[in-house]
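Below you'll find the structure, written out as structure tokens, and then a few comments.
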Amino acid sequence: MVNSVIEEQESLNLFSSTQKVIQIALKKLGYSNEMYELLKAPLRILTVRIPIRMDDGSIRIFTGYRSQHNDAVGPTKGGVRFHPEVNEEEVKALSIWMSLKCGITNLPYGGGKGGIICNPREMSFRELENLSRGYVRAISQIVGPTKDIPAPDVYTNSQIMAWMMDEYSQIREFDSPGFITGKPIVLGGSQGRETATARGVTICIGEAVKKKGIDLKGARVVIQGFGNAGSYLAKFMHDAGARVVGVSDVYGGIYDPNGLDINNLLDRRDSFGTFSQQFQHTITNEELLELDCDILVPAAISNQITAKNAHKIKAKIIVEAANGPTTIEATNILTEQGTLLIPDILASSGGVTVSYFEWVQNNQGYYWSEEEVEQKLAKVMIDSFDNIYETAHSHKVDMRLAAYMVGIKRMAEASHYRGWV
Ligand code: NAD
């Protein structure tokens, strides 16, 4: 009992639990401990302090990070998060996950990630612009279209990407659309980028229901989080004929066993993905996860399904749109229960895949239609799903470990060819 409490506490630390799974994956693939020593942590992490004059005339110093996990395959790539709880350990773990996502989807990148400790909800437009530009000035030496390419993440959007791209272009004195992805279309953004993560999750759900013999039409879906990933996913599920019975935001959720009016909720949500305060009869996020349903999609934050609540989860399929919503212990409990869990590094890789398409389009100065982007995304997602499903079966491991094995392999091979290990 004491042991299990300690293990659960440990695995809530995203960085150390990621390292554990990487170690197991590399061992299964036959790599040496030296390879693990190379890949267990980022090659580079920069901490910056950014002074910003606030609207009331005072100066505040914001702390930010940029982590670059491994650039053996190509430049690093990954989002920038604006959130009060950003911390170095989390940014490091997220950069490793980006490496794994790029490995799974066969993109010519390693993983990167950035974050700034701030609360964008309490900041004005002007303060956010100054912070975005200040961050780019602070990290400009280690980023660039062939070095490390940022993108949006939690509480950052296409406007923030536009300011960052403009700042970088002014520093370098040439137009640099390929410096950052997730830009507005008029500044070189890609068709389909806004909805890419939710599209990727939708494709994974489509493949998972086939494996479980569930008809998506009429299937009951619960989604935690109603931001970029969760809200578009709710729409795609609704359009596919599934019944979205529960959704939530940071304040709580709403539930209707007959299916919610998704279009109404989309009209009511604000730019931070919140809507629930407009409803009287709400449920908690904890209750939402335990609802009777076929498909559960955590699309908000990490550590939501743990050893404490895993055995209460009724969904037959869990598809992780958020990064790190399920602990290792919970994954084991769910696997024993027969729940099919599609891990984050596969399910949420649609965003980085279309970011890659955006970068390719910027580099060639030739832009694709939304249809073309969606076709290419579907092929990448289905190939990646099949590869991981096959790996899970042939190695008799769960989908998470299989995804780590597929994701880490290319980076290990590239590091080996470069003579690093
Ligand atoms: P977002 O900021 O647009 O929305 C986040 C949603 O989660 C909001 O509805 C918010 O109210 C809710 N939320 C915040 N804290 C919560 C809490 N404590 N409990 C319950 N709900 C809470 O973010 P997003 O872009 O939709 O990202 C959601 C998740 O998906 C994150 O884990 C992110 O890393 C992951 N993800 C996003 C993308 C992308 O392209 N947007 C790509 C890959 C992974």
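Both counts, for ligands and for their atoms, begin at 1 and track the order of listing. Just so it is clear, the model here is predicted, and its values are computed rather than measured.
- A salt bridge links Lys113 with Asp153: at least one charged nitrogen is closer than 4.0 Å to a carboxylate oxygen.
- Side-chain contact annotation: Gln361 with Ser190, donor-acceptor N/O pair under 3.5 Å present.
- Polar contact with ligand 1: present for Ala300 (N/O pair, distance under 3.5 Å).
- Ion pairing between Lys92 and Glu89 holds under the 4.0 Å rule for side-chain N and carboxylate O.
- Ion pairing between Glu127 and Arg60 fails under the 4.0 Å rule for side-chain N and carboxylate O.
- One side chain, Thr326 or Glu320, offers a donor N or O that lies under 3.5 Å from an acceptor on the other.
- At under 3.5 Å, not a single nitrogen or oxygen of Gly351, backbone or side chain, sits near a nitrogen or oxygen of ligand 1.
- For the pair Asn323 and ligand 1, the shortest N or O to N or O distance falls below 3.5 Å.
- The distance criterion of under 3.5 Å between nitrogen or oxygen atoms is met by Phe226 with respect to ligand 1.
- Distances from atom 4 (O) of ligand 1 to the heavy atoms of Ser355, Gly227, Gly230 show the closest one on Gly227.
- Against a heavy-atom cut-off of under 4.0 Å, Ser348 is close to the following atoms of ligand 1: 43 (C), 44 (C).
- For the pair Arg199 and Phe236, the distance from NZ or CZ to the six-membered ring centre is under 6.0 Å and the angle to the ring normal is within 45 degrees.
- At under 3.5 Å, a nitrogen or oxygen of Gly273, whether backbone or side chain, sits near a nitrogen or oxygen of ligand 1.
- Closest heavy-atom approach to atom 35 (C) of ligand 1 within the set Ala321, Pro325, Pro152, Ala229: this belongs to Ala321.
- For the residues Asn228, Val201, Thr156, Leu288, the heavy atom positioned nearest atom 41 (N) of ligand 1 is part of Asn228.
- At a cut-off of 3.5 Å, with distance as the only test, a side-chain donor of Asn362 or Tyr367 sits close to an acceptor on the other residue.
- Side-chain contact check for Arg193 and Ser355: at least one donor-acceptor pair (N or O, by modelled atom type) lies under 3.5 Å.
- Taking the ring centre of Phe279 as origin, the terminal cationic atom of Arg268 falls inside the region bounded by 6.0 Å and 45° from the ring axis.
- Residue contacts with ligand 1: Arg81 is included, with a non-hydrogen atom under 4.0 Å away.
- In this structure, Lys101 is part of the shell of residues with a heavy atom less than 4.0 angstrom from ligand 1.
- Residue contacts with ligand 1: Gln304 is placed with no nitrogen or oxygen under 3.5 Å of a nitrogen or oxygen of the ligand (distance criterion only).
- Using a 4.0 angstrom heavy-atom cutoff, Phe272 counts as in contact with ligand 1.
- Within ligand 1, the atoms closer than 4.0 Å to a non-hydrogen atom of Ala322 are 29 (C), 30 (O), 32 (O), 35 (C), numbered from 1 in the order shown.
- No donor-acceptor pair closer than 3.5 Å links the side chain of Asp71 to the backbone N or O of Thr76.
- Within the listing of ligand 1, atoms 40 (O) sit less than 4.0 angstrom from a heavy atom of Arg193.
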